[in-house]
Structures are given as C-alpha cells and as structure tokens.
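What follows is one structure encoded as structure tokens, with my remarks underneath.
Each chain gets a letter, A, B and so on, in the order the sequences are listed, and its residues count up from 1.
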Amino acid sequence: MSIWEYANPVKFMRTSSAILPWVAAGAALCLGAGLVWGFLTPQDYKQGSTVKIMFLHVPAAMMAINIWVMMLAASLIWLIRRHHVSALAAKAAAPVGAVMTVIALLTGAIWGQPMWGTWWEWDPRLTAFLILFLFYLGYIALWSAVDNPDSAADLTGVLCLVGSVFAVLSRYAVNFWNQGLHQGASLSVKAGERVDPTYKYPLYLCMLGFFLLFVTLLLIRTRTEIRRRRTAALLAREVRG
Amino acid sequence: MIALLMRDLRLATRAGGGFGLGLAFFLIVCTLVPFGVGPEGGTLARIAPGILWVGALLACLLSLDRIFALDWEDGSLDLLATAPLPLEGAVLVKAAAHWITTGLPLVLAAPVFGVLLHLPAAAQPWLLVSLGVGTPALSMLGAFGAAITVGLRRGGLLMSLLVLPLYVPTLIFGAEAVRRGAAGADGATPLVFLSGITLAVLATMPFAAAAALRVNLR
Amino acid sequence: MIALLMRDLRLATRAGGGFGLGLAFFLIVCTLVPFGVGPEGGTLARIAPGILWVGALLACLLSLDRIFALDWEDGSLDLLATAPLPLEGAVLVKAAAHWITTGLPLVLAAPVFGVLLHLPAAAQPWLLVSLGVGTPALSMLGAFGAAITVGLRRGGLLMSLLVLPLYVPTLIFGAEAVRRGAAGADGATPLVFLSGITLAVLATMPFAAAAALRVNLR
Amino acid sequence: MTRLSVRDLAVARGGRRVAEGIGFDLDAGQALILRGPNGIGKTTLLRTVAGLQPPVQGTVTADPDAIAYAGHADGLKSALTVAENLAFWSQVFGGPGPGAALAALDLGRLSDRPAAMLSAGQKRRLGLARLLVTGRPVWVLDEPTVSLDTASVALFAAVIRAHLGGGGSALMATHIDLALPEARVLDLGPHRAGDGGPTGPGRTRAPAGFDEAFA
Amino acid sequence: MTRLSVRDLAVARGGRRVAEGIGFDLDAGQALILRGPNGIGKTTLLRTVAGLQPPVQGTVTADPDAIAYAGHADGLKSALTVAENLAFWSQVFGGPGPGAALAALDLGRLSDRPAAMLSAGQKRRLGLARLLVTGRPVWVLDEPTVSLDTASVALFAAVIRAHLGGGGSALMATHIDLALPEARVLDLGPHRAGDGGPTGPGRTRAPAGFDEAFA
Amino acid sequence: MIELGKYAGPVLAAWGVSLALLAGMVVQTLLADARARRALEQVERNRG
Ligand code: HEM
Ligand SMILES: Nc1ncnc2c1ncn2[C@@H]1O[C@H](COP(=O)(O)OP(=O)(O)OP(=O)(O)O)[C@@H](O)[C@H]1O
Ligand SMILES: Nc1ncnc2c1ncn2[C@@H]1O[C@H](COP(=O)(O)OP(=O)(O)OP(=O)(O)O)[C@@H](O)[C@H]1O
Ligand SMILES: [Mg+2]
Ligand SMILES: [Mg+2]
C-alpha cells in the first residue's frame with residue numbers, strides 16, 4: 001500500500017480516528033509532565049527564575065518554524081500529486097503555526113524585558129521571526145479570501161513555495177542589515193549548547209509535548225476541514241436537487 | 001440606517017471583506033520602517049510617534065476605496081440613491097462602518113506597535129487617546145475623498161492625493177500630542193484641537209460627500 | 001508583446017490611467033513624514049534613506065492592482081490567455097510596463113525628494129543606483145502578488161499583505177546601500193546582493209505569476 | 001391618476017443631448033415599453049426619469065419615492081446569500097419581506113447560496129426580485145430580460161402582470177419581445193437629437209451643456 | 001474536416017459538475033447553438049472548450065490556436081478609442097487590420113470615440129468586431145446578442161454567415177432566436193449532472209473534485 | 001509555593017499568556033470540530 005493512499009479522505013478519516021486518542025494522550029502526558037518539571041526547575045545563577053520561560057519559548061519557536069516546513073511539504077504534495085487531504089492539512093496547520101509564532105514572540109518579549117532591558121530589539125533572529133509571522137498571516141488571509149477551495153489550495157501552495165524562498169532570503173538579509181551598523185545586541189545568552197542538563201531534559205520533554213500537541217491539533221483540524229468540504233458538497237448537491 | 005450599517009459590517013467580516021487587513025498593513029509599515037531606517041532603538045524611539053501616526057493614516061487610506069467603490073460597481077449606489085434614505089445619512093453610516101472595521105482595530109492595536117518601535121511607555125496613553133479621537137475624522141474625510149473619486153476606474157491613487165492634504169491637520173495635532181507625551185510633557189492642547197477638527201469634520205463632511213456622490217451618479 | 005507593452009503604456013498615460021500618481025504619492029509620503037516626525041534636520045537626515053526607500057516601495061505597491069485587475073474586470077485577461085502569446089511573456093511585459101510608468105519616474109525624481117529630506121549629497125548617487133536596480137524587482141514581485149489576488153474583489157490590501165514580506169530583502173539591501181553612502185562608506189556590497197535578487201526575481205517570478213493567473217482564470 | 005408624466009423631455013449623456021421631444025404619461029396599472037436602436041438614449045432616459053440625472057429640458061413629474069429603478073447592474077453583493085441580499089433591500093425600502101419575491105422568481109431553492117455562485121440568468125432574476133421587496137409602485141427597468149431563458153422571461157412577464165394588476169406601473173427599455181400585449185410601446189427612433197432635425201423647427205433648445213453651446 | 005470535437009464531456013463550476021455527457025462535432029462552415037435554461041452550464045462549457053478551464057471528464061479536441069472566445073465581458077479598454085481597441089487585438093492575434101471589422105459591424109462612424117462613451121449595444125458590437133480581427137476560424141461566443149437591437153442582430157447574423165461561408169465555424173450560447181436556420185441546435189437541458197441521473201447508468205464518473213469524491 | 005524571586009512577574013506573565021493561547025487554540029479546534037460534525041450530521045440526516 002502506497003503512502004499516497006492516505007490522501008484518500010475516507011481512508012484518512014478512518015486512520016486518523018484510530019490514532020487520534022493515542023496521540024492526544026501522548027501529547028497531554030508529555031506536555032503536562034514537561035511543563036510541570038520545567039516549572040519546578042531551580043533558578044539559574046545568572047538568569048534567575050526567567051529561565052523557566054525557556055520551556056515555552058524554545059519549543060514554540062521551533063514548532064513555528066517546523067510547521068511552516070511541514071506546510072511547504074504538504075503544499076508541494078498538493079501541487080504535484082493533487083492530493084486534497086494534503087492541501088487541507090496545510091490549511092489546518094497554518095493557524096497552529098501562527099499561534100506558535102505568537103507564543104514565541106510574546107514569551108521572547110517578556111523574557112527580553114528583564115534580560116535585555118527592552119521588550120523588543122531589532123535583532124536578526126527576532127526580526128526574521130516577525131517576518132515569518134507576516135507570512136503566516138498572508139497565507140491564512142489568502143485561504144479565507146478565495147471562494148473556490150481548489151483554487152485557494154493552488155494559490156496558497158504557490159504562495160507557500162515563493163514565501164519559503166523569501167523567508168530564507170530575508171533571514172540572511174536581516175543578518176547582514178543588523179551587523180552593518182553595530183554588533184548584534186547582547187544576545188550571547190542564546191548559545192543553545194551550554195544549556196545545563198538540569199534544564200535540558202525537561203526542555204526535551206516539552207519539545208516532544210509541543211510536537212505531539214501539534215500533531216493532535218493537525219489531525220483534528222484536518223478532519224474538521226474534510227467535514228466542512230463534505231457538508232458544502234452535499235449542500236450544493238441538495239440545492240441543485 | 002441600521003440595516004445599512006449591519007450590512008456593511010457583515011460584508012467587511014465576510015470572506016474577502018478585508019476586515020483586519022488595515023491592521024495588517026499597519027503592522028507592515030511599522031516593520032518596514034526599521035528595515036529602512038536601521039535598528040537602533042534611540043532613533044526609532046525619536047521617530048516612533050510620527051511613524052505610528054503616518055502608518056495608521058496610510059492604513060486608513062488604503063481601505064477607503066471600499067467605502068463606495070464596491071457599491072458603485074455593482075450598482076448598489078444607484079439603488080441606494082433612489083432609496084428612502086437621505087444620502088447624507090448613508091454617507092455617515094458608511095463612514096461609521098469604515099471606522100468600526102478599520103479605525104477602531106488600529107486604535108486598539110497601536111500600543112503593541114508602539115512597543116515594536118520603542119515608543120516610551122509614558123506616551124502610550126497619549127497614542128491611544130489621540131488615535132481614538134483622530135481616526136473618526138480620517139474615516140469621514142476619507143469617505144469624502146472616496147465619494148469624489150467613485151466614478152473613476154481605479155481612482156485609488158488619485159483619491160490618496162485628494163485625501164492626504166486633508167489629513168495633514170489631523171496628523172500634525174495627533175502626532176504632536178504623542179510626541180509631547182513621549183517627552184513627558186502634557187499633550188492636552190493638541191488633543192483639544194484634534195477633537196475640534198474631528199467634530200467639525202463629522203458635522204459638515206457628510207453633506208459635501210453626499211453632494212459629490214450625487215454629481216458622480218449623474 | 002510589443003503591442004501589449006505599447007497598449008499598457010498608452011493606457012497609463014491616458015486620462016485616468018494613473019501615470020504620475022505614484023510619483024505624487026511618493027511626494028506626499030516624503031511630506032507627511034516631517035509633519036509626523038518633527039522638522040529637525042538631523043533626525044531627518046538620519047532617517048532619510050529609509051523613508052525614501054519605504055516611500056518608493058509604498059508608491060510602487062499602491063499602483064500594483066492596476067497590473068492585472070483592470071484586464072481581469074473587463075475580460076481582456078480571458079482573451080489574452082487565449083491569444084497566441086505565452087502567459088509568462090504577457091506577465092513579464094505587464095511588469096515592465098508597470099516599472100516604466102511607476103518605478104522609472106520614482107528613480108528619476110528621487111534625488112529631488114532626497115533634498116527635501118536633507119539626504120547628504122554623498123548618498124545621492126547611491127540612492128539613484130539602488131532604486132534603479134531594485135525597483136524592477138518590486139514591479140515583478142508586485143505582478144506576482146497581483147496575479148494571486150486578481151480574482152478577488154478589491155484584493156488590494158490582501159495583496160499588500162502578501163507582497164510586502166517579499167519586499168523585505170530588496171528594501172534592506174537597497175536602504176543599506178544608501179545608508180552606507182550617506183555615512184561616506186562604500187555601498188557596493190549591498191548593491192551586488194540587490195542586483196542578484198533582482199535578476200533571480202526577473203528570471204523566476206513570471207512563471208509563478210503565470211501559474212497563479214491560470215488558476216484564477218479557471 | 002397619473003403616476004409619471006414626462007413632457008417635452010430632452011436628455012443628455014456626456015454633455016451631448018441624445019434624445020429630445022419625449023413625452024408620455026403612465027397611470028396606475030399601465031406599462032410602457034421603450035424601443036429604439038442601440039445608442040438612441042434609452043438608458044439615459046430611464047436614469048433621468050429615476051432622478052439619477054437632471055433633464056436638459058422639459059419636465060419629469062413623479063413622486064421620487066414612488067420609483068424603483070433597476071439598471072444594467074443588479075446591485076448584488078456577491079458575499080451575501082440570495083436571501084440576505086433581498087432582506088437588506090427590503091429593510092432599506094421598508095417594503096415586504098423577501099419570501100414572496102423569492103417564490104415569484106423561482107429563487108427559493110437558491111436562497112442560501114452566495115450571489116457569487118449564481119449564473120448570469122440567476123443573478124438577473126435576483127435583481128428583479130429586488131423590485132418586489134421595494135414595495136414601490138413605479139418600476140423603471142433597463143433591459144430587464146437580458147440573460148434570461150424563455151421560462152424566466154415568462155416568469156418575469158407574470159410578475160409584471162401581477163404588479164400592474166395590483167395598481168403598479170412599469171416603464172421598460174427592451175430589445176426583445178416580452179409577451180406583454182397590454183403594454184404600450186414608445187419608439188425612441190424619431191426622437192434622436194439632431195441640430196433642429198426631426199423634432200421639428202421652431203423648438204427652442206437649451207444647450208445640453210458647455211460643449212453643445214459651443215458646437 | 002473536424003475543427004472541434006467534444007466527446008463525453010463533463011464540466012464543473014466551483015468544484016461541482018454542472019453538465020455531463022456532452023458530445024458534438026463542429027466542422028468547417030458549421031454553426032452550433034447551445035440552448036438550455038439559466039444555470040445549466042452553458043458559460044462553463046464554452047470556457048472549457050476555449051481552454052480556460054480543464055474538463056472534469058471527457059475530451060475536447062481542437063487546436064487551441066484556432067479558437068477565438070468572446071464571453072459576457074467584451075475586453076474593451078474604455079480609455080482607448082474603438083479603432084485603437086481593435087488595432088490592439090489585431091496586433092496581438094496577428095490577424096487582419098480593423099478596417100473590415102469596423103465596416104462589418106457598422107462602427108465606422110464611431111471609430112474615433114473612446115469606448116467609455118458607447119452605449120451597451122455599441123460596446124457589444126465592438127466586442128463582436130474583435131472576433132473578425134483575430135483571424136481565427138472557430139468562434140466560441142457566450143450570449144453574443146445581449147443588448148443588441150434588431151438591426152444589429154441582423155448585422156451579426158450576416159457576419160456569422162460570412163464567417164461560415166469563408167470556412168469558419170461558430171459555437172454559440174444564446175437564449176434568443178438568431179435567424180440562422182442553417183445552425184444546428186444542442187439543448188443542454190437533458191445533460192444536467194445528477195447522481196447517475198438522466199445520462200444513464202453504467203457511466204464511470206471521475207469526481208469533479210474533492211467535493212464529489214466525498215459527496 | 002515555588003520560589004520565583006524578583007522575576008516572578010515576567011515568568012508568570014509568560015506562562016500565563018502562553019498557556020492561555022495554547023488552551024484557546026485547543027478549545028477553538030475542538031469547538032470548530034464539533035460544529036463541523038454537527039453540520040455534517042444534519043445535512044446527512046436531511047438527505048435521508
Ligand atoms: C521577542 C523576542 C524573541 C523572539 C522572537 C525569539 C525567537 C527565538 C527563535 C526563533 C529561536 C530559535 C528556535 C530554534 O531555531 O530552535 C529562539 C531560541 C531561543 N531563544 Fe529566543 N526569542 C526572543 C527573545 C529571547 C530572549 C529575550 C531570550 C533570553 C534572554 C531568548 C532565549 C532563547 C534561547 C535560550 C533559545 C534557544 C537557543 C537555541 O536552541 O538555539 N529569546 N528564540
Ligand atoms: N459616458 C458617456 N459619455 C458620452 N456619451 C455616452 C456615454 N455613454 C453613452 N454615451 C452615448 O450616449 C448615447 C446614448 O446612450 P444610451 O446608453 O442611453 O443608449 P441606449 O439607448 O441605452 O442604447 P443600448 O440599447 O445600446 O443600451 C449613445 O450614443 C452613446 O454612444
Ligand atoms: N463561481 C461559482 N461557484 C460555484 N457555482 C457557480 C459559480 N458560478 C456559477 N455557478 C453555478 O454553476 C452553474 C452553471 O453556471 P453557468 O454560468 O455555466 O450557467 P449558464 O448556463 O451560463 O447560465 P445563464 O444562462 O444564466 O448564463 C449554475 O447553476 C450556477 O449557479
Ligand atoms: Mg442601454
Ligand atoms: Mg452564462
């Protein structure tokens with residue numbers, strides 16, 4: 001059986017309803033345990049208790065990027081193989097990605113206040129993230145603006161493709177721009193390598209939890225989209241009589 | 001009148017209605033300016049009041065052509081003009097709908113963008129109040145500009161030209177209030193002028209706009 | 001192709017065609033910013049490169065919906081799609097027409113506005129060259145955005161939202177070149193990047209835009 | 001009782017008078033069909049009667065609150081459903097609810113569909129249904145049957161007949177045969193505006209505008 | 001020689017198939033008129049034949065460079081004059097110059113007027129004149145006579161007849177009578193798409209899209 | 001209660017905002033799913 005079989009909506013509905021409880025349970029478990037563990041970690045000698053923000057900030061930031069990559073893959077599958085579930089999965093993932101981006105931005109801003117003394121700094125990394133948020137917004141807005149669902153899938157697919165290239169391009173441009181004038185603020189805190197094991201393991205658990213949460217939401221939302229399409233199709237047929 | 005207001009709000013929030021796009025444009029302006037100007041917090045803080053007001057103004061401006069152009073194209077405006085509703089009332093209602101869908105979200109979101117541009121915290125309440133008082137005037141002046149250009153195909157840019165000079169007093173007093181606030185001074189005087197402008201605009205512009213519409217329908 | 005180019009240019013220069021309005025918008029932005037920011041020359045000179053680039057970009061953006069929307073509304077686009085002309089070629093030609101009527105005048109007029117904003121004389125040539133190299137990319141990216149939103153009624157603001165993030169790299173390198181010029185440094189490196197982006201965009205975007213158009217015509 | 005009375009009317013488009021010397025009366029229960037070749041000025045005349053543009057010369061006597069106008073465009077919002085479109089106009093005009101209008105033009109089955117998803121003829125039917133919810137007695141219609149199939153034209157004729165029967169009146173421009181034998185016909189052909197042309201000599205002509213005063 | 005051949009065609013609008021089981025051939029010198037009630041899918045079928053949208057099922061065999069399509073909108077630029085509009089399309093299609101087309105549709109007197117200043121019927125005539133300057137043999141026309149007066153309809157019929165006489169072909173959707181007795185008529189009424197409905201059983205149906213795959 | 005030190009404000013704010021957003025997203029997803037399910041069931045029932 002080829003993997004493309006899962007793009008068949010009926011099969012997708014069946015399979016997803018079978019695995020959904022397990023994924024959801026896993027998400028709840030990992031996320032709950034990871035967050036509690038993270039919240040109970042001791043204070044850092046330098047950052048104090050703000051280090052606890054990391055358990056939300058870092059997984060959210062990672063997921064925000066990964067979800068865009070997943071949308072890119074799903075869009076490509078739709079554009080090349082025209083599997084509807086794939087397009088709907090990309091549509092379903094976008095709002096989750098946008099929320100993840102917002103979480104990363106907000107926690108980062110709140111974290112920045114005690115650490116750097118400012119809510120927002122035009123640091124390359126933060127800036128690139130803001131641009132990613134704009135791409136999410138445009139993508140979601142385009143989906144909701146186009147009436148014909150297949151056209152919407154095509155157009156958003158093309159946008160996702162072009163957007164990805166430009167997101168990467170912007171990342172480098174932004175780097176160039178901020179180094180051009182002065183040394184990129186006091187961001188050395190971000191050296192991921194030197195994270196102490198005390199924080200490392202709960203962080204990994206949180207990352208896993210965020211990932212499973214995303215999978216759960218993705219499955220549910222894709223199912224919602226499929227049901228909506230089916231409802232619309234049946235209604236249209238009814239009207240025609 | 002209520003029916004018209006509800007319809008416009010409903011159209012704006014339906015798919016393709018453009019609700020929230022003004023907000024997105026505002027966000028974009030506030031993001032682009034640092035790209036152009038450079039990332040230093042000090043410079044940004046100095047120009048933040050001006051940029052925020054200019055951004056809000058442009059966001060308002062760009063959604064103006066929705067006020068009448070759509071109704072013109074599909075013939076609704078002909079029908080509204082023959083309806084038992086004074087055209088002045090229709091203009092006022094449509095400007096109000098524009099403000100609710102564009103101006104109000106801008107006002108509410110402005111503090112966030114203020115943070116992005118390093119606007120001093122002391123200036124935040126001034127930003128909120130000055131935008132809240134000033135944006136209704138922007139919507140009403142915009143409705144006038146939209147009424148003048150409604151018959152022209154893609155009159156969007158021409159409308160910008162007509163409307164922007166009308167926006168200058170609002171912009172000056174609004175930005176001045178925020179700037180004084182940022183400097184820790186009292187911004188009440190420009191705010192009073194700003195309210196005066198808004199009230200005068202709301203009282204007179206519906207008549208001018210309705211007259212322009214009648215000419216264009218001819 | 002030549003016929004299409006000539007027609008688009010002729011339409012732009014006819015009454016109501018919007019030629020020169022982009023320029024006027026640019027002028028207005030450059031005038032409004034001092035109102036908002038306050039008149040001190042020092043601040044203005046510092047932010048001039050950024051404001052000039054952002055202004056040029058917004059002026060470009062606002063005239064984008066003319067690229068395809070008019071042809072879509074009156075049915076010309078259906079007919080062009082069935083004409084013996086590859087749609088990619090038509091897209092390229094239309095982007096070129098947009099550049100000639102909007103980008104080129106901006107480039108030529110920019111030095112004047114530079115003086116208005118106290119841009120240091122040393123930066124003037126950099127401004128001219130960076131705008132000259134960068135604006136074709138703006139037109140072509142805009143054509144892509146216009147192609148995606150062509151079927152939507154008044155998709156103008158949505159198009160802004162889609163297009164502006166794509167403009168970021170161009171803006172950054174363009175403004176950076178001018179800023180370095182203003183600081184008396186050498187802006188060649190960002191200019192090279194800018195040309196690279198422009199060339200890549202011109203080479204690939206016509207295909208993406210034509211694909212989007214085909215979807216929208218369906 | 002005379003609902004609409006037009007006397008010695010001349011109408012102009014783009015500063016040039018296109019038709020002149022037009023006069024007619026329309027009473028309750030009557031219909032008048034305007035005919036004439038393309039470009040003679042039917043649309044212009046109807047817009048003048050509806051009060052959307054001023055006459056160049058002559059008078060239109062009518063209660064402006066009695067007239068419901070339907071032009072080439074239908075005034076539909078494509079994002080709203082058929083029922084919502086009608087409900088809006090019924091509220092604005094304070095007329096009857098959309099139920100009867102939907103039934104009269106056979107739109108019941110389409111009532112929950114967004115107007116964007118209608119075919120050309122279905123859109124036109126919806127535009128005509130709007131007339132019913134205005135509750136106004138004098139209908140001024142510009143080529144009402146464009147895009148309608150034969151069944152829908154018959155439906156439209158029935159609607160008009162019911163309207164006339166209920167004491168309404170209708171003024172229509174059309175090129176095709178409406179199967180409304182009771183309607184009078186006014187051919188605009190002889191009213192084409194010329195320099196003292198077919199409308200006869202000795203008539204004083206107010207210039208349609210600056211252009212004509214000069215031409 | 002068969003110019004256009006349609007086999008077992010099904011067309012969809014908005015992801016929903018509207019008409020199916022359509023088949024016909026069109027040879028040089030032949031005309032085919034599509035009829036059917038509003039919303040049956042005439043516009044959709046014509047756009048599919050013109051290559052503007054893909055068929056759901058079945059095949060359209062034609063040289064895409066042989067087809068000239070004219071839809072509800074005329075593709076006119078209101079700022080350009082009548083002659084300039086025609087000259088542009090003639091250059092794009094590499095067809096004959098506008099002179100003959102202007103004469104054939106009686107637009108000679110209007111040739112220097114901007115298209116914005118034409119009445120509804122004059123615009124339509126200009127839209128039809130465009131067909132002549134494409135120089136293409138197969139015309140695909142959607143309600144070509146909308147807004148035309150009787151004289152112009154006759155003019156149009158003469159143009160079509162000349163086109164057929166010169167070896168051209170025409171596929172048209174229309175609700176009114178065209179006075180073209182030599183044209184065949186295809187009624188789309190029985191081709192309405194349904195759940196295995198009137199098109200007969202045993203036909204394999206490719207889904208029009210996801211919606212149908214599910215419904 | 002766990003010791004948060006002088007940064008209690010930011011930490012609690014960050015956690016509060018994030019958890020609220022996550023919870024909001026989950027709730028929205030579930031509500032939308034339930035609505036879509038009900039709408040579909042209704043249509044299918046009408047169709048018989
Ligand atoms: C609005 C502000 C901020 C934003 C948008 C932001 C965004 C990001 C992004 C995009 C990542 C990368 C995730 C990945 O690629 O795996 C990240 C990681 C991280 N951020 Fe932030 N951040 C912000 C503020 C802060 C602050 C103030 C701190 C701490 C003082 C901080 C500490 C970290 C750490 C420790 C990591 C993990 C580093 C790594 O694994 O590479 N961030 N953030
Ligand atoms: N915007 C305009 N400016 C100047 N003249 C115009 C304009 N629109 C139309 N005309 C001219 O005015 C005259 C009358 O036009 P009108 O639209 O009233 O004709 P009509 O009788 O409705 O024709 P049709 O049957 O083709 O719709 C025509 O000769 C036309 O060319
Ligand atoms: N954008 C759309 N989305 C979904 N359905 C549509 C859309 N446009 C039209 N339809 C539907 O598709 C069907 C076919 O429409 P089409 O325009 O092809 O009909 P038609 O035969 O040309 O009718 P008419 O004679 O009224 O022009 C109609 O039932 C219509 O309601
Ligand atoms: Mg007319
Ligand atoms: Mg049709």
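Enclosure of atom CZ in A/Phe211 is not indicated, since only 12 or fewer non-hydrogen atoms of other residues, nucleotides or ligands lie within 6.0 angstrom.
The ring pair (Phe, Tyr, Trp, His ring centres under 6.0 Å) with F/Trp15 is formed by just one residue from the set A/Phe39, A/Phe55, A/Trp111; it is A/Phe39.
The OG1 atom of A/Thr224 lies 11.0 Å from the CG atom of F/Leu40; values are rounded to the nearest 0.5 Å. Taking OG1 of F/Thr29 as the reference point, atom CG of A/Leu217 lies at 4.5 Å (rounded to 0.5 Å). Atom CE in F/Met25 sits 4.5 Å away from atom CE in A/Met100 (nearest 0.5 Å).
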Exercise. Are F/Asp33 and A/Arg227 close enough, and set up right, to give a side-chain contact (heavy atoms from CB on, under 4.5 Å), and what steps lead you there?
Worked result: CA-CA 8 Å; F/Asp33 188 53; A/Arg227 288 206 176 97; 3.2 Å; yes
For this session: Just do the side-chain contact (heavy atoms from CB on, under 4.5 Å) check on F/Val26 and A/Leu213 with the steps written out, would you?
Result: CA-CA 9 Å; F/Val26 170; A/Leu213 176 67; 4.1 Å; yes
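In plain terms, the two heavy atoms of A/Thr107 and F/Ser18 that are nearest each other are CG2-OG, 3.0 Å. In terms of heavy atoms, F/Ala36 sits closest to A/Thr231 at O-OG1, 4.4 Å. Residue A/Leu56 comes nearest to F/Ala14 through the heavy atom pair CD1-O, 4.2 Å, listed as atom of the first residue, atom of the second, then distance. In terms of heavy atoms, A/Arg221 sits closest to F/Gln28 at NH1-OE1, 2.9 Å.
Heavy-atom pairs under 4.5 Å with chain F were tallied for A/Val102, A/Leu35, A/Thr216; the largest tally goes to A/Leu35.
Pairs passing the side chain to side chain donor-acceptor pair (under 3.5 Å) check and including a residue from residues 88-102 of chain A, sequence neighbours excluded, read A/Lys91-A/Glu225.
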